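Only a predicted model underlies this, so the values are computations on that prediction, with no experimental measurement involved. No hydrogens, no waters, no symmetry mates; every other heavy atom, side chains included, goes into these values.
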Amino acid sequence: MAQSTGRTALRARGRRATTAFGGSRPAGTRHPLIAVAMVLPLAFLLAVVFGGWEAVVTQASSVAGMLGR
């Protein structure tokens, strides 16, 4: 608990320093399409390396069944 308080204080101090030197604060989140474009190549690589195509198909069909499609 005490460690997380220290990290929070350091992060806040870093943000104040950044804005004091004329920098802008980074945005809170990135666009969902950018996040998907970043994740898909890694997900594809992991599925190929570990042979997870069957698991992906199984999960996708389960989700589709729960959604009623």
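By the side chain to side chain contact (heavy atoms under 4.5 Å, CB included) test, Leu40 pairs with Val36, sequence neighbours left out. Applying the side chain to side chain contact (heavy atoms under 4.5 Å, CB included) rule to Val49 yields the partners Leu45; only residues at least two apart in sequence or on another chain are considered.
Grouped with Met38 in one hydrophobic cluster are Ile34, the linkage being side-chain heavy-atom contacts under 4.5 Å among Ile, Leu, Val, Met, Phe, Trp and Tyr residues. Summarising the hydrophobic clusters (Ile, Leu, Val, Met, Phe, Trp, Tyr; side-chain heavy atoms under 4.5 Å, direct or chained), the residues clustered with Val57 are none.
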